[in-house]
Each structure stands twice: as structure tokens, then as C-alpha cells.
J.: 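Provided herewith is a single structure, encoded as C-alpha cells, for subsequent inquiry.
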Amino acid sequence: MSVFDHPEFDSHESLHYFHDETTGLKAIVAIHSTALGPGAGGTRRWVYEQDADALTDVLRLSRGMTYKNAVAGLKFGGGKAVILASEDTPKSPQLLRAFGRSVDSLGGRYVTAEDVGCTVDDMRYVGEETEYVSGLPQTGTDAGGDPSPWTAIGCFDGIEAAVAARLGKNSLEGIRVAVQGVGHVGLHLCKLLHEAGAELIISDVNTDHVKQTLAEVPATVVAPNELLFADVDVLAPCALGNILTSTTIPKLRATVIAGAANNQLSTPEDGARLAERDILYAPDYVINAGGIISVAAEYYGGASEDDVRTDVGRIKNRLEDIFEQAKRTGRPTNELADELARSLVAAAHQDNGAL
Ligand code: NAD
């Protein structure tokens, strides 16, 4: 199948395949849009069953980054990288440097950072080969470093907004929250939720991550295949995407869905399915923008941690606006967010054309 006929192809500006013979690096970078700035988005390192799944992932994720960066008001377009992991190609400084050279060869049209399967330390190696990288170790009180705590803060604020809008409660005390995936973001989120008095139900396919979380907060652990359908107020997806489908939605018991995972909806129609069931969905790329807000502040420089906190705080206001509009118009929240994102990108195209 041609990339141009791929169901997830959506006028992406460019797609780049990289291979490094020495380290076995296989990576794909998708640049969806540079209308608002360089295509920016993290690097996901994941074992894909087939190469085609990696392509689907990078096409969807890069478009999501365009929307996320536009709605967050950042001077970034949308891009994303996936590294196809395998036992034969372990993550090594050499492989990450080879990836850094790949990013560098794009001349700044793509800016990378960490995503699932990558860490701040990994970005240091990438940064030895390119300046087009962010999410590097923080220096002093300047903005920067691991973006995931900021993503968790934005999600926490977003959960508060969603609980207020859907359940009419101004506190998370006693609210039952199921967190799917307790990795970088999920663990931070669990700590914030616990401090706010929420009751936690967690699951992760990685038992070490479950143990690490239980060492920090009390939680009920359920099997990964049960978590989505737990009897809770809030479902906070913090693992991978494609979990809200025509099959899973009828079985959900949560009334609010608000979490960090990218591409939670399998298709845009799933947003309407949630709305029909009166489940309030916080559009993923709106609620999970905290990390990229920090990444942008670090990349462009001149911002402090306090500035990042202020900007991350605006996520809550954006969600409140979307929830209010959804209530007034009866339209699904994902549609409203997509419409906003597309209008911002279209306006940037017009401005660029007018230059
Ligand atoms: P991570 O890799 O640190 O954590 C993901 C966790 O999910 C891992 O512990 C993994 O074992 C677990 N997991 C995978 N499949 C699972 C399943 N079926 N059931 C339960 N657990 C499962 O990644 P992260 O950085 O915490 O990101 C989590 C999600 O949030 C991803 O979708 C990512 O794209 C998104 N996101 C992350 C950031 C960030 O700042 N890190 C920003 C925006 C969006």
C-alpha cells in the first residue's frame, strides 16, 4: 500500500525512514505540519509486531502533535519519531547517537524529545549529535528536563476540571480513579491523586512499575485486561493508545476519561460513542500537553520552571472551555478540540502564505 493511501495519512508534509547498519537502528520520523514551527514531538521506542504498525503509529502520533502544539499555543508544528525496537538492536549510546544524526539530517524541521521507551539520559546521547532535541537534563531552575512530571500535573488539573464538570465535585477526595499504566507519567499522577484524597486502582503489564508505585502510594492492583472496565469515577489512560473502541466503550463504567496516553480514541467516531453514553472525555492532546509545554520552554530558552507551571495551568482553562461548549452544544469534546486545532493550523497557513 502506498503511504499516500494509508488510512492515517493526513496531508503529512514528509516521512523519513532511517537505518544505521552498525547499530541496527531502524527509525521513522513523520513531520505532519510545520505551519506553526518545526515539527516537534517525542521519540517512541517500542517493539512493533510488524513495521506497518510503526508506520501507523508515527502517522497518527505526528498529526496528534500538530493538534496538541497548536491548541497549547506553542511555536511548534507536529512531528514524531518511532524507533523500532528488537532484541537484536538494544538501546545503546551508539544507537541513540545514530538516531541523533538522523534527526540532525532533517536540518531542524523536526525537534525530538523523550516519549514511551526513552529517557532524559537517552536524549543526552541524541543531543551529542544534534541541537534539535529537548527534554535534556535540567540546569538550575531553568525550564527543562524530564517532561513527564509536567504531563502528570496537566492531567491532574484536567481530572479536577472534568470531575467538576461531570460530577459537580470541586474536590477529588474519595473519587475513585483507575490509572492504566504507571510508568513515567502514571506514577507521578498517582502521587498527585493520592495527595488529593483520591482512591487509586492501578494496572501495568510491567510488574516492577506496579511494585514501584505501591512503594509510593496505596492502591488496588487489578489485571491489565480488567482495568478499563473497573467500577470507578475516572479512567486515566496512561499507557498506550487505541483503547477506546466500539467494543470497549459499551463496557466502561467510568463517567470521566482523562489521562495522558496519546491517541486514546481508536477512531473519531468513538468520541461520539462516549458522548452518547454521557461519559465526559478530556481530549488526549489537550490534557496531556504539559510535557511538550516544558519541552518548548526548554528548546526556545529564557523560561523558568515557574513560567512552565503557569503555562501548564492553562490546560485546565482550555478543558473547562471545551467541556462548557460540549454541554451547550451537545457535541463530542474530541470534535470540538479537533475543530479548534484545525482552525489554528489553517490560520497559520494563511499567515505564512501572506508573508
Ligand atoms: P512509560 O513508557 O514510562 O509508561 C507507560 C507504562 O504503560 C509502562 O509502565 C508500560 O509497562 C505500561 N503499559 C503498556 N501497556 C499496558 C497495558 N496494556 N496495560 C497497562 N499498562 C501498560 O510512558 P510515559 O512517558 O509514562 O507515557 C505514557 C503515555 O502518555 C503514552 O501514551 C505517552 O505517549 C503519553 N504521553 C507522555 C508524555 C510524557 O511527558 N512522558 C507526554 C504526553 C503524552
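Just follow the structure's listing: the first ligand is 1, and inside any ligand the first atom is 1.
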J.: Within ligand 1, which atoms have a heavy atom of His209 less than 4.0 Å away?
T.: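 Near His209, the atoms of ligand 1 are 8 (C), 9 (O).
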J.: If you take all heavy atoms of Ala198 and Val177, which pair is closest and at what distance?
T.: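 That would be CB-CG2, 4.1 Å.
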J.: Tell me whether Arg176 is salt-bridged to Asp233, with the criterion being a basic N under 4.0 Å from an acidic carboxylate O.
T.: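 Salt bridge: no.
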J.: When you measure from the side chain of Glu305 to the backbone N and O of Ala143, does any donor-acceptor pair fall under 3.5 Å?
T.: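 No.
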J.: Looking at non-hydrogen atoms alone, which of Gly186, Ala260, Cys238, Gly181 comes nearest to atom 5 (C) of ligand 1?
T.: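 Shortest heavy-atom distance from atom 5 (C) of ligand 1: Cys238.
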J.: For the 3.5 Å polar cut-off, considering only N or O atoms, please tell me whether Lys68 and ligand 1 meet it.
T.: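 No, no N or O pair falls under 3.5 Å.
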J.: Any heavy atom of Arg44 closer to ligand 1 than 4.0 angstrom?
T.: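 Under 4.0 Å: yes for Arg44.
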J.: Heavy atoms only: which of Asp204, Asp115, Val205, Leu189 is nearest to atom 18 (N) of ligand 1?
T.: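 Heavy atom nearest to atom 18 (N) of ligand 1 belongs to Val205.
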J.: Note the single closest protein heavy atom to atom 25 (O) of ligand 1, along with its residue, its atom name and the distance in Å.
T.: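 The protein heavy atom lying closest is His184 CB, 3.7 Å.
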J.: If you look only at pairs with a residue in residues 250-309, which of them pass as a ring-ring contact (aromatic ring centres under 6.0 Å, His included), with sequence neighbours excluded?
T.: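 ring-ring contact (aromatic ring centres under 6.0 Å, His included) check on residues 250-309 returns Tyr67-Tyr285, Phe76-Tyr299, Phe76-Tyr300.
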J.: Among all the protein's non-hydrogen atoms, which is closest to atom 42 (C) of ligand 1, and how far away is it?
T.: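 Scanning the protein heavy atoms, the shortest distance from atom 42 (C) of ligand 1 goes to Thr151 OG1, 3.3 Å.
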J.: Looking at residues at least two apart in the chain, or sitting in another chain, which of them share a side chain to side chain donor-acceptor pair (under 3.5 Å) with Arg318?
T.: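 Scan of Arg318 (side chain to side chain donor-acceptor pair (under 3.5 Å), adjacent residues dropped) gives none.
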J.: Need the ligand 1 atom indices (1-based, order shown) with element for anything under 4.0 Å from a heavy-atom of Pro147.
T.: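 Listed by number with element, the hits are 40 (O).
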J.: Around Lys26, counting heavy atoms of other residues, nucleotides and ligands shown, do more than 12 lie under 6.0 Å from its NZ?
T.: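 Not buried by this count: 12 neighbours or fewer within 6.0 Å.
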J.: For atom 4 (O) of ligand 1, find the nearest protein heavy atom and state the residue, atom name and distance (0.1 Å precision).
T.: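 Residue, atom and distance for the closest contact: Gly183 CA, 3.3 Å.
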J.: Looking only at protein heavy atoms, which one is nearest to atom 26 (O) of ligand 1, and how far off is it?
T.: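 Among all protein heavy atoms, the one nearest atom 26 (O) of ligand 1 is Val185 N, 2.8 Å.
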J.: Distance to 0.1 Å, residue and atom name: give those for the protein heavy atom nearest to atom 43 (C) of ligand 1.
T.: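 For this ligand atom, the closest protein heavy atom is Asn288 O, 3.5 Å.
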J.: Under 3.5 Å, is there a donor on one side chain and an acceptor on the other for Thr267 and Glu269?
T.: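 There is such a pair between these side chains.
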J.: Starting from atom 2 (O) of ligand 1, locate the nearest protein heavy atom and write down its residue, its atom name and how far away it is, to 0.1 Å.
T.: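 Checked against all protein heavy atoms, atom 2 (O) of ligand 1 sits closest to Val116 CG1, 3.5 Å.
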J.: Could you check whether Lys80 pairs with Asp115 (Lys NZ or Arg NE/NH1/NH2 to Asp/Glu carboxylate O, under 4.0 Å)?
T.: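 Yes, Lys80 and Asp115 are salt-bridged.
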J.: Is it true that Asp122 and Lys91 have a side-chain N and a carboxylate O under 4.0 angstrom from each other?
T.: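 Counted as a salt bridge, because a side-chain N and a carboxylate O are separated by less than 4.0 Å.
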J.: Note the single closest protein heavy atom to atom 31 (C) of ligand 1, along with its residue, its atom name and the distance in Å.
T.: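 Ranked first by proximity to atom 31 (C) of ligand 1 is Ala239 O, 3.0 Å.
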J.: Atoms of ligand 1 less than 4.0 Å from Ala261 heavy atoms?
T.: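 Here the atoms of ligand 1 in question are 29 (C), 30 (O), 32 (O), 35 (C).
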